[in-house]
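Notes follow once the structure below has been shown.
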Amino acid sequence: SVQLVESGGGSVQAGGSLRLSCVVSGYTDRRGCMGWFRQAPGMERERVAVINNGAGRIDYADSVKGRFTISRYNANRLNLEMETMKPEDTGVYYCAATMGWVGCPSTPNDFGFWGQGTQVTVSS
């Protein structure tokens with residue numbers, strides 16, 4: 001079965017940086033979508049950055065443009081470099097991939113595979 005395991009979460013001061021990694025196994029959808037999501041306490045899950053595997057297109061949430069960088073290190077690892085972090089970046093970060101989709105959906109409900117999440121806390 002498909003498995004996604006996140007790592008790299010932790011605590012950082014505002015203005016600092018963190019690097020998240022997602023190790024993926026069992027996923028071979030060459031036209032699907034992979035990405036990072038986050039969820040703050042009391043908030044809905046938010047799309048942070050996604051990669052359209054087929055088109056090679058990357059999309060970022062407006063709130064992280066210029067600060068975060070998503071990349072696929074290889075076929076089995078998805079990274080998220082986070083710089084100039086802000087307290088509002090705090091939340092549980094999830095790695096996700098689509099199931100039976102072509103391209104990237106706009107909502108997290110349309111992603112079928114999820115990691116268990118890693119906590120990111122930014123203090124001010």
Side-chain angles (χ1 to χ4, degrees):
S1 60
V2 175
Q3 296 186 44
L4 303 92
V5 181
E6 304 95 338
S7 64
S11 298
V12 65
Q13 295 180 356
S17 62
L18 285 174
R19 178 174 57 229
L20 305 182
S21 294
C22 173
V23 177
V24 182
S25 62
Y27 189 72
T28 58
D29 192 343
R30 299 174 182 85
R31 301 180 66 186
C33 181
M34 304 177 66
W36 289 93
F37 295 76
R38 67 187 181 190
Q39 187 166 18
M43 303 292 290
E44 294 185 348
R45 193 164 298 185
E46 173 190 20
R47 188 174 73 169
V48 176
V50 295
I51 295 178
N52 184 321
N53 292 333
R57 184 173 65 250
I58 296 174
D59 291 316
Y60 294 95
D62 288 340
S63 60
V64 307
K65 287 181 178 178
R67 300 188 299 116
F68 289 13
T69 303
I70 188 173
S71 63
R72 197 168 70 172
Y73 183 78
N74 54 39
N76 303 115
R77 187 180 298 272
L78 186 70
N79 294 332
L80 184 68
E81 301 279 353
M82 303 183 291
E83 298 180 327
T84 318
M85 299 190 71
K86 305 175 180 179
E88 50 262 46
D89 294 323
T90 294
V92 178
Y93 282 68
Y94 299 90
C95 177
T98 56
M99 180 198 311
W101 275 72
V102 176
C104 288
S106 59
T107 65
N109 289 340
D110 291 319
F111 285 74
F113 302 111
W114 294 87
Q116 64 183 18
T118 184
Q119 177 70 45
V120 171
T121 302
V122 184
S123 61
S124 60

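Along the sequence shown, the residues carry numbers beginning at 1.
- Shown here are the ring-ring contact (aromatic ring centres under 6.0 Å, His included) partners of F111, two or more places apart in sequence or in another chain: F37.
- Taken from CZ in F113 to CG in D29, the straight-line distance is 8.5 Å, to the nearest 0.5 Å.
- Under the 4.5 Å side-chain heavy-atom criterion for grouping Ile, Leu, Val, Met, Phe, Trp and Tyr, M34 is connected to V64 within one hydrophobic cluster.
- With sequence neighbours excluded, the residues forming a side-chain contact (heavy atoms from CB on, under 4.5 Å) with A40 are M43, listed by chain and number.
- M82 is connected to V12 through a chain of hydrophobic side-chain contacts under 4.5 Å among Ile, Leu, Val, Met, Phe, Trp and Tyr, so both are in one cluster.
- Annotation: disulfide (SG to SG under 2.5 Å) contacts involving residues 52-83, sequence neighbours excluded, are absent.
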Using atom types as modelled, flag every donor-acceptor pair under 3.5 Å from a side chain in residues 47-63 to any protein atom, sequence neighbours excluded.
| from | atom 1 | to | atom 2 | distance (Å) |
| --- | --- | --- | --- | --- |
| R47 | NH1 | P105 | O | 2.9 |
| N52 | OD1 | G54 | N | 3.1 |
| N52 | OD1 | A55 | N | 3.0 |
| N53 | OD1 | R72 | NH1 | 3.4 |
| N53 | ND2 | G32 | O | 3.4 |
| Y60 | OH | I70 | N | 2.9 |
| D62 | OD1 | K65 | NZ | 3.1 |
| S63 | OG | R38 | NH2 | 3.4 |

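- Take Q39 and apply the side-chain hydrogen bond (donor to acceptor under 3.5 Å, both in side chains) test, not counting sequence neighbours, and it matches R45.
- With a 4.5 Å cut-off on side-chain heavy atoms, E88 and T90 do not count as touching.
- Residue pairs meeting the side-chain hydrogen bond (donor to acceptor under 3.5 Å, both in side chains) criterion with at least one member in residues 107-116, sequence neighbours excluded, are T107-D110.
- Nearest heavy-atom pair, E6 versus T118, reported as atom, atom and distance to 0.1 Å: CB-CG2, 3.9 Å.
- Judged as a side-chain hydrogen bond (donor to acceptor under 3.5 Å, both in side chains), and not counting sequence neighbours, the contacts of T121 are Q119.
- Applying the side-chain hydrogen bond (donor to acceptor under 3.5 Å, both in side chains) test to every pair with at least one member in residues 8-22, sequence neighbours left out, gives these pairs: S21-N79.
- With rounding to the nearest 0.5 angstrom, the CG atom of L80 is 8.5 Å from the OG atom of S71.
- Y94 and L18 fall into different hydrophobic clusters, defined by Ile, Leu, Val, Met, Phe, Trp and Tyr side-chain heavy atoms under 4.5 Å apart, directly or through other members.
- To the nearest 0.5 Å, atoms CH2 (W36) and CD (E46) are separated by 14.5 Å.
- Cluster partners of V5, using a side-chain heavy-atom cutoff of under 4.5 Å among ILVMFWY residues and allowing indirect links: none.
- In this view, N76 and N74 satisfy the side-chain contact (heavy atoms from CB on, under 4.5 Å) rule, not counting sequence neighbours.
- Grouping the Ile, Leu, Val, Met, Phe, Trp and Tyr side chains by contacts below 4.5 angstrom, directly or via other members, places V2 apart from V102.
- In the hydrophobic clustering of this structure, V92 does not group with M85; members are Ile, Leu, Val, Met, Phe, Trp, Tyr whose side-chain heavy atoms approach within less than 4.5 Å, directly or through other members.
- Note on residues 93-124: pairs passing disulfide (SG to SG under 2.5 Å), not counting sequence neighbours, are C22-C95, C33-C104.
- Considering only residues two or more places apart in sequence or on other chains, R67 meets the side-chain hydrogen bond (donor to acceptor under 3.5 Å, both in side chains) condition with D89.
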